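Notes for the one structure printed next.
Atoms within a ligand are numbered from 1 in the order they appear, just like the ligands themselves. Everything numeric here is computed off the predicted structure, so don't read it as measured data.
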Amino acid sequence: MLSWDELIKECLNCKRCGLSSSRTNVVVGRGSVNAPLMLVGEGPGEQEELQGLPFVGAAGRLLDLLLKALMFEEGDYYIANIVKCRPPGNRVPLDEEAEACLPFLRNQVYLIRPKIIVCLGATAMKYIIDRRAKITRIRGQWIERKGYWMMPTFHPAALLRDPSKKVLMFEDFKKVKEKLEQYR
Ligand code: URA
């Protein structure tokens, strides 16, 4: 496993998949590197690529609101994505792109050692929890694996399309907050 400095350098120079040829910025992550909670999304969108930070566009603003409403503190969490470069037109990452990028995410998990990993949406759920599961079926349920508590929930962008999901996602994050209190 790489140190943070080595990992960031590797990510910035990475050419492991085709997304590297169209990127303007690599989006490694943001938040506290000692956080007990890690949030994982799909991949950077336009704003994220421009700023080099995950979840800083419309979906990110909604996520921040949710975290603030439930009184999560900045030191509580670190946010990253399955892929670190923007897929063209915000399409879902291809399997080969996700597979190429996953070792970086695993390295981040190794360095942060979070207690809880929240999978934001189907792509994060697919590569972290279960390739064949359905997010609508397993969201809101704890899965304990290799000493990590994992919570699959909706992607905040899904809430922008379907506001009726807000209540469910709020419920899921309430569970995350309760679990987090055990580790303070
Ligand atoms: N959607 C994601 O999955 N990740 C981001 O960083 C932004 C939007």
Side-chain angles (χ1 to χ4, degrees), residues 7-8 11-12 14 16-20 22-33 35 37-69 72 74 76-109 111-112 114 116-131 133-136 138-140 150-163 165-166 168-170 172-173 176:
L7 178 66
I8 289 166
C11 290
L12 298 184
C14 177
R16 294 184 188 182
C17 84
L19 296 180
S20 60
S22 55
R23 72 167 176 241
T24 52
N25 260 320
V26 182
V27 178
V28 178
R30 71 171 164 101
S32 165
V33 293
L37 166 63
M38 212 167 150
L39 308 170
V40 182
E42 180 175 288
E46 185 184 21
Q47 279 307 313
E48 288 76 19
E49 172 168 61
L50 280 172
Q51 298 184 41
L53 292 168
F55 283 99
V56 289
R61 281 193 292 280
L62 193 54
L63 181 64
D64 284 346
L65 274 179
L66 183 62
L67 293 168
K68 283 218 177 80
F72 284 89
E74 299 235 326
D76 287 338
Y77 57 89
Y78 183 89
I79 311 183
N81 282 305
I82 294 293
V83 292
K84 293 181 167 33
C85 298
R86 184 187 182 198
N90 296 346
R91 64 160 169 75
V92 175
L94 304 175
D95 266 337
E96 67 227 48
E97 295 160 351
E99 296 293 354
C101 212
L102 276 171
F104 293 136
L105 186 64
R106 287 196 197 101
N107 203 140
Q108 284 171 295
V109 172
L111 291 169
I112 296 168
I116 305 167
I117 300 176
V118 172
C119 297
L120 298 167
T123 299
M125 178 215 67
K126 174 177 175 187
Y127 292 105
I128 295 174
I129 298 177
D130 187 335
R131 304 256 158 172
K134 285 249 174 288
I135 189 73
T136 44
I138 70 162
R139 60 140 280 280
M150 302 189 184
M151 171 62 75
T153 188
F154 293 122
H155 191 287
L159 273 59
L160 294 171
R161 293 190 293 270
D162 177 4
K165 292 196 167 91
K166 273 186 195 165
L168 295 174
M169 193 164 176
F170 195 81
D172 298 349
F173 267 88
V176 174

TODO: Keeping the roles fixed (side chain from Arg139, backbone from Asp172), state whether a donor-acceptor pair exists under 3.5 Å.
DONE: no

Open item on the list: Which option wins on minimum heavy-atom distance to atom 6 (O) of ligand 1: Ile82, Leu63, Asn81, Val40?
Closed with: Asn81

Open item on the list: Closer than 4.0 Å to some heavy atom of Pro54 - which atoms of ligand 1 meet that?
Closed with: 6 (O)

TODO: For Gly41, take its heavy atoms, then give the atoms of ligand 1 lying under 4.0 Å from any of them.
DONE: 3 (O)

Task: N/O donor-acceptor pair under 3.5 Å between Arg30 side chain and Pro54 backbone - done: yes

Open item on the list: Would the distance check show the side chain of Glu42 and the main-chain N or O of Pro93 forming a donor-acceptor pair, the cut-off being under 3.5 Å?
Closed with: no

Task: Closest protein heavy atom (residue, atom, distance) for atom 5 (C) of ligand 1 - done: Gly43 O, 3.4 Å

- [ ] Please work out which of the three classes, parallel, tilted or perpendicular, describes the rings of Phe173 and Phe72, given edges at 30° and 60°.
- [x] perpendicular

Open item on the list: Taking the side chain as everything from C-beta on, heavy atoms only, tell me whether Pro156 gets closer than 4.5 Å to Met169.
Closed with: yes

Open item on the list: Show the atoms of ligand 1 that are less than 4.0 angstrom away from any heavy atom in His155.
Closed with: 1 (N), 2 (C), 3 (O)

- [ ] Indicate yes or no: at least one non-hydrogen side-chain atom of Cys85 is less than 4.5 angstrom from one of Val26.
- [x] yes

Task: Contact (N/O only, under 3.5 Å) between Phe55 and ligand 1 - done: yes

- [ ] Indicate, as side chain, backbone, both or neither, the part of Glu42 found under 4.0 angstrom from ligand 1 when only non-hydrogen atoms are considered.
- [x] both

